[in-house]
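A note on names: the letters A, B, ... follow the listed sequences, proteins ahead of strands, and every chain is numbered from 1.
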Protein chains: 2
Amino acid sequence: MSQEYSSSLDAERARVLQISAKLFREKGFDKTSVRQIAEACEILPGSLHYRYKSKDEILVDMMRVAIDRTIRRTIAASASMADPVLRIRAALKAHMEVLLSGDDMVYVLLFEWRALSGEARKEIMRERDRYERHWDAMLDALQIQGMIRKDINTKTLRLIGLGAINWMATWYRPDGGQSLDEICDTLWSIISRGILEHVGR
Amino acid sequence: MSQEYSSSLDAERARVLQISAKLFREKGFDKTSVRQIAEACEILPGSLHYRYKSKDEILVDMMRVAIDRTIRRTIAASASMADPVLRIRAALKAHMEVLLSGDDMVYVLLFEWRALSGEARKEIMRERDRYERHWDAMLDALQIQGMIRKDINTKTLRLIGLGAINWMATWYRPDGGQSLDEICDTLWSIISRGILEHVGR
DNA sequence: GTCTATACTCTGATAGAC
DNA sequence: GTCTATCAGAGTATAGAC
């Protein structure tokens, strides 16, 4: 029955992760104490130590989950489309949704990477690179097919597009004036067609 | 001679601000101790206390300077252009330059606002709103003149455009492959004309 | 104005009884 | 596995001599 025990520990660790993510997002990693985490989990600090040996370990594990989730959902969304242009639009929307639909872990992944220590930071960086290579491959393919203008640097395009979305996490509120879909439409409209009425400047 | 004394105190405070900004950017506000600030300034903690009574006061003052600097340079850049479209391009470039040309204070302003306490946070938020209203006015005027497509929400456009730039601070390196000018050109090309070869989807 | 020295609080982590 | 109790260290801020 060791399987049973270890899976219930996994479930407990997942619960700690989710509750910690909410705290890290609201207060920041440094300003959240392990006592506060334990309290929010309704256990005592000593018991928390059984799930995670250190506060850093919580953060690293959380980021691993977050980046895996982001990659999985974005790839799944883009793979579901046959048309290459619609595919990239679907990937953009998936990136937006995984970040803005209340997933605190992805938010923490984006904004707390400075809190990571040496080796852990390298690991998370490698995972992030893996995600970015996926985007570059998608964009390069489109450019080779002649669907993206040749004078656009695809790496810069990726950094600008994802950057615009990542920054949304700092201002987007679910109860705000615009819905996720509307924002996504505007973003896509700007990226794909631009904003000016008269082209040619 | 009280004027003399107070202006040399101001100069000392400015020096503390600049050195602190470098530390806050590199290590983060929470991970920087007042002892480290004092050491970097080559004074002792007790002497630092004469310049600034608390660590929070350093951060708030720094953000006031940063936001003022950003507003000033962006407005100056846009005012120097007669053509309304070139004006907005100049403002974009100014925002990029003030953020990416080694001004640590502006970086701290963008990424450490969570460290602010209640009343101070409200004050900085008000200043930030003032900056954003300046952008909205510029964009709305362009749309009314018929130069920006009517179906673009200008507030969302502002959030997306400035967001893309703000996020650059997380990846841009002066010694990287692309120069500031090249990145600015790509950004402007995307925003103004879009990326697709065949329009109409 | 600057220094030394320290007060006080909070932190992350853990030992050991149950 | 969970609890109580506590350790060692770091944090900010300041008092008081000079």
Side-chain angles (χ1 to χ4, degrees), chain A residues 1-17 19-21 23-24 26-63 108 112 114-121, chain B residues 1-17 19-21 23-24 26-63 108 112 114-121:
Chain A
M1 282 296 188
S2 71
Q3 193 68 23
E4 184 76 9
Y5 277 98
S6 102
S7 78
S8 83
L9 175 56
D10 284 352
E12 267 303 296
R13 283 166 62 103
R15 196 174 71 91
V16 170
L17 234 48
I19 292 169
S20 304
L23 291 173
F24 291 169
E26 287 167 359
K27 305 155 60 72
F29 177 76
D30 292 313
K31 286 235 164 87
T32 306
S33 70
V34 293
R35 285 171 179 82
Q36 288 169 331
I37 295 174
E39 190 185 6
C41 294
E42 294 178 302
I43 55 179
L44 293 180
S47 310
L48 177 63
H49 187 254
Y50 170 71
R51 274 87 166 178
Y52 281 103
K53 282 183 284 282
S54 75
K55 191 183 163 189
D56 280 344
E57 199 191 323
I58 297 180
L59 181 62
V60 173
D61 203 26
M62 182 182 301
M63 289 189 166
V108 173
E112 297 289 355
R114 274 196 310 190
L116 283 181
S117 36
E119 188 47 49
R121 181 185 289 209
Chain B
M1 281 297 190
S2 72
Q3 192 69 20
E4 184 76 8
Y5 276 100
S6 103
S7 78
S8 83
L9 176 57
D10 284 352
E12 267 303 296
R13 282 167 62 104
R15 197 175 70 92
V16 169
L17 233 49
I19 292 169
S20 303
L23 291 173
F24 291 169
E26 286 167 1
K27 308 156 59 73
F29 177 77
D30 291 315
K31 287 237 163 83
T32 305
S33 70
V34 292
R35 286 175 179 84
Q36 289 169 331
I37 296 174
E39 191 185 4
C41 294
E42 294 177 303
I43 55 178
L44 294 180
S47 310
L48 178 62
H49 186 255
Y50 169 71
R51 274 85 167 180
Y52 280 104
K53 281 182 286 281
S54 76
K55 191 181 160 188
D56 279 344
E57 198 191 322
I58 296 179
L59 182 62
V60 173
D61 203 26
M62 182 182 301
M63 289 188 167
V108 172
E112 297 288 356
R114 274 197 309 189
L116 284 180
S117 38
E119 186 47 47
R121 182 185 289 209

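Between A:D56 and B:L44, the residue whose closest nucleotide on DNA chain C is further toward the 5' end is B:L44. Positionally, the nearest nucleotide of DNA chain C for B:E42 lies more toward the 5' end than for the other of A:S33 and B:E42. Each of A:R35 and A:I43 has a nearest nucleotide on DNA chain D; the 5'-most of these lies closest to A:I43.
A cation-pi geometry, defined here as NZ or CZ lying under 6.0 Å from the six-membered ring centre and within 45° of its normal, holds between B:K55 and B:F29.
Inter-residue side-chain proximity for A:L17 and A:Y52 is flagged as met; some heavy-atom pair is nearer than 4.5 Å. Between B:I37 and B:I19, every side-chain heavy-atom pair lies at or beyond the 4.5 Å cut-off.
No more than 12 heavy atoms of other residues, nucleotides or ligands sit less than 6.0 Å from atom NZ of B:K53.
Remark: P of C:dC10 and NZ of A:K55 are 15 Å apart, rounded to the nearest angstrom. D:dT14 atom C1' lies 13 Å from atom CG of B:L48, rounded to whole Å. As rounded to whole Å, 6 Å separates atom P of C:dT11 from atom CD of A:Q36. In this structure, CD of A:E39 is placed 14 Å from P of C:dG12, rounded to the nearest angstrom. Nucleotide C:dG12 holds its P atom 10 Å from the CD1 atom of A:I58, rounded to whole Å. B:E57 has its CD atom 11 Å from the P atom of D:dT14, to the nearest Å. Taking atom CD1 on B:I37 and atom P on D:dG11, their separation rounds to 11 Å, with Å as the unit. Rounded to an integer number of Å, the gap from A:L23 CG to C:dT11 C1' is 16 Å.
For the salt bridge (charged side-chain N to carboxylate O under 4.0 Å, His left out) condition, the pairs that include at least one residue of residues 36-51 of chain B, sequence neighbours left out, are B:E12-B:R51.
Each of D:dA13, C:dA13, D:dT2 was ranked by its minimum atom distance to the side chain of A:S47; first place goes to D:dT2.
Within the structure, every side-chain polar atom (N or O) of B:H49 is placed at least 4.0 Å from both OP1 and OP2 of D:dA13. Phosphate proximity of D:dT2 to A:R51: present, with a side-chain N or O under 4.0 Å from OP1 or OP2. Contact annotation: A:Y50 side-chain N/O to D:dG1 OP1/OP2 distance is under 4.0 Å.
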